[in-house]
Amino acid sequence: MDSFLNCLETDCSKIKWGDNGKSLKATPTIYLINEREIIVCKIQCEHKNDFWTTFKHDLTTTFGNGTYRTIDTGCGGPINFKKTTNDK
């Protein structure tokens with residue numbers, strides 16, 4: 001997790017967990033981090049629509065097992081962090 005946060009996105013930005021609202025040179029991306037894997041899904045800014053919001057919800061519902069974290073970025077920011085406990 002530390003290595004991942006030390007070099008995020010194409011410009012290799014170093015971020016701290018929980019630093020919500022920070023701008024980042026990024027396309028809309030969701031990172032879902034659970035005990036065993038990091039799932040990364042991206043979309044181009046010009047293709048972002050309501051489906052993207054639905055997709056992110058479905059992704060966390062399907063793969064968010066136990067305690068997991070998400071990092072969500074928009075077009076050029078902001079970046080949002082969330083830690084969730086989900087007992088399935």
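Atom CG of Asp50 is surrounded by 12 or fewer heavy atoms from other residues, nucleotides or ligands within 6.0 Å.
Side-chain atoms of Tyr68 and Glu35, non-hydrogen and from C-beta on, never get closer than 4.5 Å to each other. Annotation: side chain of Lys42 is in contact with side chain of Thr27 (closest heavy-atom distance under 4.5 Å). Taking the side chain as every heavy atom from C-beta outward, Thr54 and Lys56 never approach each other to under 4.5 Å.
In terms of heavy-atom proximity, Pro28 sits nearest to Lys48 at CG-CD, 3.8 Å. Closest of all the heavy-atom pairs between Phe81 and Lys16 is CZ-O, 3.4 Å. Here the closest non-hydrogen pair linking Asn6 and Lys14 is OD1-CE, 3.0 Å. Taking every heavy atom of both residues into account, Thr70 and Trp17 meet most closely at O-CH2, 3.7 Å.
The CG atom of Asn34 lies 10.5 Å from the OG1 atom of Thr67; values are rounded to the nearest 0.5 Å. Here the straight-line distance linking atom CZ of Arg69 with atom OG1 of Thr60 works out to 16.0 Å at 0.5 Å rounding. The structure places CG of Leu32 at 9.0 Å from CG of Asn65, a figure rounded to the nearest 0.5 Å.
Between Trp52 and Phe55, the angle of the ring planes stays under 30°, which puts this pair in the parallel group of the 30/60° scheme.
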Query raised in the report: Passes side chain to side chain contact (heavy atoms under 4.5 Å, CB included), Leu5 versus Ile71? Steps please.
Result: CA-CA 10 Å; Leu5 294 176; Ile71 302 172; 3.8 Å; yes
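A donor-acceptor distance shorter than 3.5 angstrom exists from the side chain of Thr73 to the backbone of Thr29, with no hydrogens or angles considered. A donor-acceptor contact shorter than 3.5 Å is absent between the side chain of Thr62 and the backbone of Leu59. Formation of a donor-acceptor pair under 3.5 Å by the Thr53 side chain with backbone atoms of Phe51 is not found in this model.
Between Asp72 and Lys82 there is no salt bridge, since no side-chain nitrogen of the basic residue lies less than 4.0 Å from a carboxylate oxygen of the acidic one.
Applying the ring pair (Phe, Tyr, Trp, His ring centres under 6.0 Å) test to pairs two or more places apart or on separate chains, those with a residue in residues 27-49 are Phe4-Tyr31.
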